[in-house]
Amino acid sequence: MSIVVYVPIDSSAISLGANRVANAIVQEAEKRGIAIEVIRNGSRGLFWLEPMVEVATSAGRIAYGPVQVSDVARLFDANFHQGGAHSLLLGLTEELDYLKKQQRLTFARCGKTDPVSLEDYVSHEGYRGLSNALTMTQPDIVKAVTDSGLRGRGGAAFPTGIKWNTVLNTPSEQKYILCNADEGDSGTFSDRMVMEDDPFVLIEGMTIAGLAVGATQGYIYLRVEYPHAHIALNTAIEKAYQAGYLGENIKGSGKTFHLEVRLGAGAYICGEETSLMESLEGKRGLVRFKPPLPAISGLFGKPTVVNNVISLASVPIILDKGGEYYRDFGMGRSRGTLPLQLAGNIKHGGLVEVAFGLTLRELLYDFGGGSASGRPIKAVQVGGPLGAYLPESQFDTPLDYEAFAAIWAVVGHGGIVAFDDTADMAEMARYSMEFCAIESCGKCTPCRIGSTRGIEVMDEIISGHDLNKNIPLLRDLCNTLLNGSLCALGGMTPYPVLSALNHFPEDFGVKNEADAA
Ligand SMILES: Cc1cc2nc3c(=O)[nH]c(=O)nc-3n(C[C@H](O)[C@H](O)[C@H](O)COP(=O)(O)O)c2cc1C
Ligand code: SF4
């Protein structure tokens, strides 16, 4: 019987040499006459250990990492293929502290399976949610999602069940399910990981959404910068069609759902749902006025469910185990789990899926191990480029939508970017204005003109010019952006700018918050 070795195919592992390591393992095994099967699994999301190679043993899978090509011969010398001792030995994968402390629901299969093997997916509880959904009425499917308390994971945290109910109750011959896979936020990668490492869960979630609201066509709007996800999704979609999980008469039910991937050209604003639809319709990515809501008149003017990858990928487990099972995780009105993405200046960067309620401090130190530089963490930006910078004094805030709103911050898509004490927060504020200027779609004046004026004001402040005039001017400008922008790109740029000013006034050349008022 051949030995089974797992080498991740996730782009995080590939970028660190996983393909070369996989080849080296095959060649070394051949040289030594050892029968070996190399399975390209997804990543477990412990990026500092990638490429993390696992070997199947009778006690469970044993991990080694980070493995380089130059380590391979010595790993064989140490009988790693039977779990032998070696300096890269990490122990039983499931017992690794970083993984053991997580509550993986959406990412339950991630890293365990071959991402594009339908058999593997089904044997790891895949397609159980869809089988249940096929026996349920449309309102009952929507009710299960409503009962779960799931809120959109793309940023706005809107209740998914309410959105689906609107589309269900809007009569139309054609409706659409649109998956927002633009994942433009800085420091985020959970959507990418789902699509590369467990694409069937997204396909299943979208199929259930289609059944629930009566939509027969789905699109995944994928950012062009994710070529590995593109390949994995298309391979999985083809297999799902061949096996009767997509197309006409799904598994003999008489129900239809078609699905295809469309590539975006790489504009941050095309992650905003109405620009995304413009782009998908072949037009320039300009934000649309709302109302009408996409749920009433969306893609090609038809009722459309627009959901983030993680929202849709969380649906199969809800339909499999029930809304209440999912709702039992979390705190307050933030139910279920959130896949957090630890990035920036952090020792142990990676994916951490836990129930809402964990504090930032626990995340940064118990999981993240502190900064990569070893210096104190000065600030973290949570929720992408439009999220607030939080100082150390706010690290005990629980990850919960309402707790973050109470300190004028957002959880967003769960991206966490850490900065050590060498970061200059005035430069970061300037960068936020510049980001807004570069990415602005140009439809409304506060954002189009205001962001460019914002860069100029920040330059004045950074050079120490007339702070008594320029700091109030910056606040005034932020107020206009906040209240006068058509969408959250302009509307939220004040979050990083003002949080930097309020929490780190010394970086703006003023002694304290009162002087920065
Ligand atoms: C400027 C901007 C960029 C956005 N980018 C994304 C994105 O990359 N991915 C995403 O899912 N949602 C993004 N959103 C949020 C979407 O407009 C929308 O709320 C979301 O796709 C709805 O799905 P959900 O309810 O599942 O979160 C963005 C919003 C704005 C204003
Ligand atoms: S806020 Fe900016 S990105 Fe949004 S509609 Fe206005 S110009 Fe476009």
Side-chain angles (χ1 to χ4, degrees), residues 106 145 150-164 166-167 177-192 194-195 202 205-206 209 219-223 225-226 264 266-280 284-290 293-295 298-299 304-315 336 338-339 383-387 401 410-415 432-433 435-452 454 480-495:
T106 309
V145 174
L150 178 67
R151 289 163 74 181
R153 303 292 191 238
F158 187 82
T160 307
I162 294 181
K163 191 182 280 187
W164 287 23
T166 309
V167 179
I177 307 297
L178 183 45
C179 172
N180 188 341
D182 201 51
E183 195 161 58
D185 282 359
S186 40
T188 60
F189 43 80
S190 61
D191 294 353
R192 179 189 64 69
V194 163
M195 295 184 287
L202 175 60
M206 291 186 72
Y219 294 102
I220 300 171
Y221 184 90
L222 177 69
R223 61 181 303 164
E225 296 94 333
Y226 281 174
Y268 184 72
I269 196 58
C270 287
E272 192 282 333
E273 58 187 10
T274 62
S275 305
L276 188 155
M277 291 186 293
E278 289 284 296
S279 168
L280 201 52
R284 182 178 142 203
L286 269 187
V287 172
R288 292 181 187 169
F289 291 103
K290 282 194 267 189
L293 293 172
L299 188 64
T304 305
V305 167
V306 188
N307 273 136
N308 171 254
V309 172
I310 302 296
S311 316
L312 290 161
S314 301
V315 166
L338 180 66
L386 309 175
Y401 296 121
V410 289
V411 173
H413 185 48
S432 300
M433 282 293 188
F435 180 83
C436 182
I438 292 170
E439 299 294 341
S440 171
C441 84
K443 186 151 178 167
C444 67
T445 316
C447 168
R448 186 183 68 246
I449 310 283
S451 52
T452 299
T480 307
L481 276 165
L482 191 68
N483 296 303
S485 300
L486 180 58
C487 87
L489 177 51
M492 284 182 63
T493 294
Y495 276 67

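FYI, the numbering just counts along the sequence from 1. Atoms within a ligand are numbered from 1 in the order they appear, just like the ligands themselves.
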Give the atoms of ligand 2, by number and element, whose distance to some non-hydrogen atom of [X] is under 4.0 Å.
{"X": "Cys447", "result": "1 (S), 2 (Fe), 6 (Fe), 7 (S)"}
{"X": "Lys443", "result": "7 (S), 8 (Fe)"}
{"X": "Gly442", "result": "7 (S), 8 (Fe)"}
{"X": "Gly490", "result": "1 (S)"}

Relative to ligand 2, is Ile269 under 4.0 angstrom through side chain, backbone, both or neither, heavy atoms considered?
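Only the side chain of Ile269 comes within reach of ligand 2.
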Measure the distance from [atom] to every protein heavy atom, then report the residue, atom name and distance (to 0.1 Å) of the closest one.
{"atom": "atom 8 (Fe) of ligand 2", "result": "Cys441 SG, 2.4 Å"}
{"atom": "atom 11 (O) of ligand 1", "result": "Asn308 ND2, 2.8 Å"}
{"atom": "atom 26 (O) of ligand 1", "result": "Ser311 OG, 2.6 Å"}
{"atom": "atom 4 (Fe) of ligand 2", "result": "Cys487 SG, 2.4 Å"}

Looking at non-hydrogen atoms alone, which of [options] comes nearest to [atom]?
{"atom": "atom 15 (C) of ligand 1", "options": "Gly271, Ala156, Cys441", "value": "Gly271"}
{"atom": "atom 7 (S) of ligand 2", "options": "Gly491, Cys444, Gly484", "value": "Cys444"}
{"atom": "atom 1 (C) of ligand 1", "options": "Tyr221, Phe158, Tyr268", "value": "Tyr268"}

Output the list of atoms in ligand 1 that are nearer than 4.0 Å to some heavy atom of Gly184, sorted by atom number.
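In order of number, 8 (O).
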Taking the non-hydrogen atoms of Lys163, is any one of them nearer than 4.0 angstrom to ligand 1?
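Yes; Lys163 lies near enough to ligand 1 that a heavy-atom distance drops under 4.0 Å.
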The test is side chain to side chain contact (heavy atoms under 4.5 Å, CB included); show your working for Leu386 and Tyr495 and say whether it passes.
CA-CA 6 Å; Leu386 309 175; Tyr495 276 67; 5.9 Å; no
May I ask you to check whether Cys436 brings an N, O or S atom to under 2.8 Å from atom 2 (Fe) of ligand 2?
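So Cys436 does not count as coordinating atom 2 (Fe) of ligand 2.
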With a 4.0 Å cut-off on N to O distance, would you call Arg223 and Glu183 a salt bridge?
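No, Arg223 and Glu183 are not salt-bridged.
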